[in-house]
Undergrad: 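Starting off with a structure, shown below.
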Number of protein chains: 2
Amino acid sequence: MLNNSHYIDKLRSSGLRPTKQRIKICEILFNTEKTFHFTINDLVKKISKATNDKISLATVYNTVHAFKKKGYLKEIPINSDQSYFDTNTSHHHHFYDENQKDLIDIDDADVEPVKVNTRIPGKKIKSVEVLVKVEDA
Amino acid sequence: MLNNSHYIDKLRSSGLRPTKQRIKICEILFNTEKTFHFTINDLVKKISKATNDKISLATVYNTVHAFKKKGYLKEIPINSDQSYFDTNTSHHHHFYDENQKDLIDIDDADVEPVKVNTRIPGKKIKSVEVLVKVEDA
DNA sequence: TCAACAGTTTAGAACTATTATAATGTAGAA
DNA sequence: TTCTACATTATAATAGTTCTAAACTGTTGA
Ligand SMILES: [Mn+2]
Ligand SMILES: [Mn+2]
Ligand SMILES: [Zn+2]
Ligand SMILES: [Zn+2]
């Protein structure tokens, strides 16, 4: 709520102007104890609950993309009708509940490091992600 | 080309009527030495090269979904503007070239089995997939 | 053999997540 | 304060996918 100067600094130091829309979105995304996963639609709902000043859909998309580019958000590779984003930018993997359409973090300690013993010449690895799809037992 | 009776049997035995559209799509997808990845758009192009009788887009979607449901195709989890499918239904993982937007199989022997030491109560594992994103070095 | 029916194909409309546009507004520098 | 590049916004456009409902066809069994 109060300590927005932190977000203002963060935004400014990454070359993003600290507009009131971006600060509000920072509050919603990063003022939480726990990290979480969200879709653009989820975020729009959170925003409308959190404030009376509405933020346009275009700005929500712009901001999420800007934050992703700066490394403040990750996008989770999943086949879905919409993109999932993650406020947890540390290295970790996911369960995807196909019934509830819900992403769940897998603690990195619970996955043995993935060893890939082959490379593509001329390419460097950007990320290695495990997706465990689950369904009702 | 000739040996369509195999596909006819395959389709019939899985409860799908062997229509000429489905048989043609079987030929295109499964009459190859190597397995491959494709988007719906890729498949539409392959079809128009392979035949004069056009197959409607709706049928292409219907057929791919039906084949996926029967386990003849897999969908690859990826963030993209379109879905990727795989004629290789055996267990394996992927590189995704973000520059070329190309999927590349990783031989299963080149990846140590992924050990996930946690479960979700009431859920069973459907798949465990590794996606290695690569980019120009 | 062939009528009947359920399954299938089809063109086109509808849907929906996302991106583009271009006018208006604003943060920060000078 | 003034200027300008950056940002927001409403809205249109785009594009992949799904839906609709009419026409068509493979299969069954009388
Ligand atoms: Mn959710
Ligand atoms: Mn391709
Ligand atoms: Zn996560
Ligand atoms: Zn593959």
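Sequence lines set the chain letters: A, B, ... in the order given, protein chains first and strands last, and positions in each chain run from 1. This structure is a prediction, so every number in the text was calculated from the model and none was measured.
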Undergrad: Nearest-Å distance, CG (A/Leu11) to P (C/dT26)?
TA: 18 Å
Undergrad: Please report, rounded to the nearest Å, how far the P atom of D/dT17 is from the NZ atom of B/Lys68.
TA: 11 Å
Undergrad: Is it possible for you to check whether A/Lys74 lies under 6.0 Å from the centre of the six-membered ring of A/Phe67, through NZ or CZ, and within 45° of that ring's axis?
TA: no
Undergrad: Apply the side-chain hydrogen bond (donor to acceptor under 3.5 Å, both in side chains) test between B/His92 and each candidate in B/Asp107, B/Asp105, B/Asp110, B/Asp108; give the one that qualifies.
TA: B/Asp105
Undergrad: What is the distance from atom CZ of A/Arg22 to atom CG of A/Asn62, rounded to the nearest 0.5 Å?
TA: 8.0 Å
Undergrad: Give the B/S/- string for nucleotides 10-23 of chain C, one per nucleotide from 5' to 3', where a protein heavy atom under 4.0 Å of the base yields B, of only the sugar-phosphate yields S, and otherwise -.
TA: BB-----SBBB---
Undergrad: Among B/Thr19, B/Leu16, B/Asn4, find the one that has a side-chain contact (heavy atoms from CB on, under 4.5 Å) with B/Leu11.
TA: B/Leu16
Undergrad: When the distance from CD1 of A/Ile8 to C1' of D/dA7 is rounded to whole Å, what number comes out?
TA: 16 Å
Undergrad: Quick one: B/Leu16 CG to C/dT8 P, roughly how many Å, whole number?
TA: 6 Å
Undergrad: Under 6.0 Å from the ring centre and within 45 degrees of the ring axis: does the NZ or CZ of A/Lys126 meet both conditions for the six-membered ring of B/Tyr96?
TA: no
Undergrad: Provide, to the nearest angstrom, the distance between the NZ atom belonging to B/Lys24 and the C1' atom belonging to C/dT9.
TA: 17 Å
Undergrad: Send over the distance from A/Arg12 CZ to D/dA7 P, rounded to a whole Å.
TA: 12 Å
Undergrad: Could you tell me the separation between the CG atom of B/Asn4 and the C1' atom of D/dG26, rounded to a whole number of Å?
TA: 16 Å
Undergrad: Would one find a side-chain N or O of A/Arg17 under 4.0 angstrom from OP1 or OP2 of D/dT8?
TA: no
Undergrad: So does B/Thr19 get a side-chain nitrogen or oxygen closer than 4.0 Å to the phosphate oxygens (OP1/OP2) of C/dG7?
TA: no
Undergrad: Donor-acceptor pairs under 3.5 Å, side chain of residues 45-53 of chain B to any protein atom, not counting sequence neighbours: which ones?
TA:
residue	atom	partner	partner atom	Å
B/Ser48	OG	B/Val44	O	3.3
B/Ser48	OG	B/Lys45	O	3.0
B/Thr51	OG1	B/Asp53	N	3.2

Undergrad: Given atom CG of B/Asp53 and atom C1' of D/dT25, what is their separation to the nearest angstrom?
TA: 15 Å
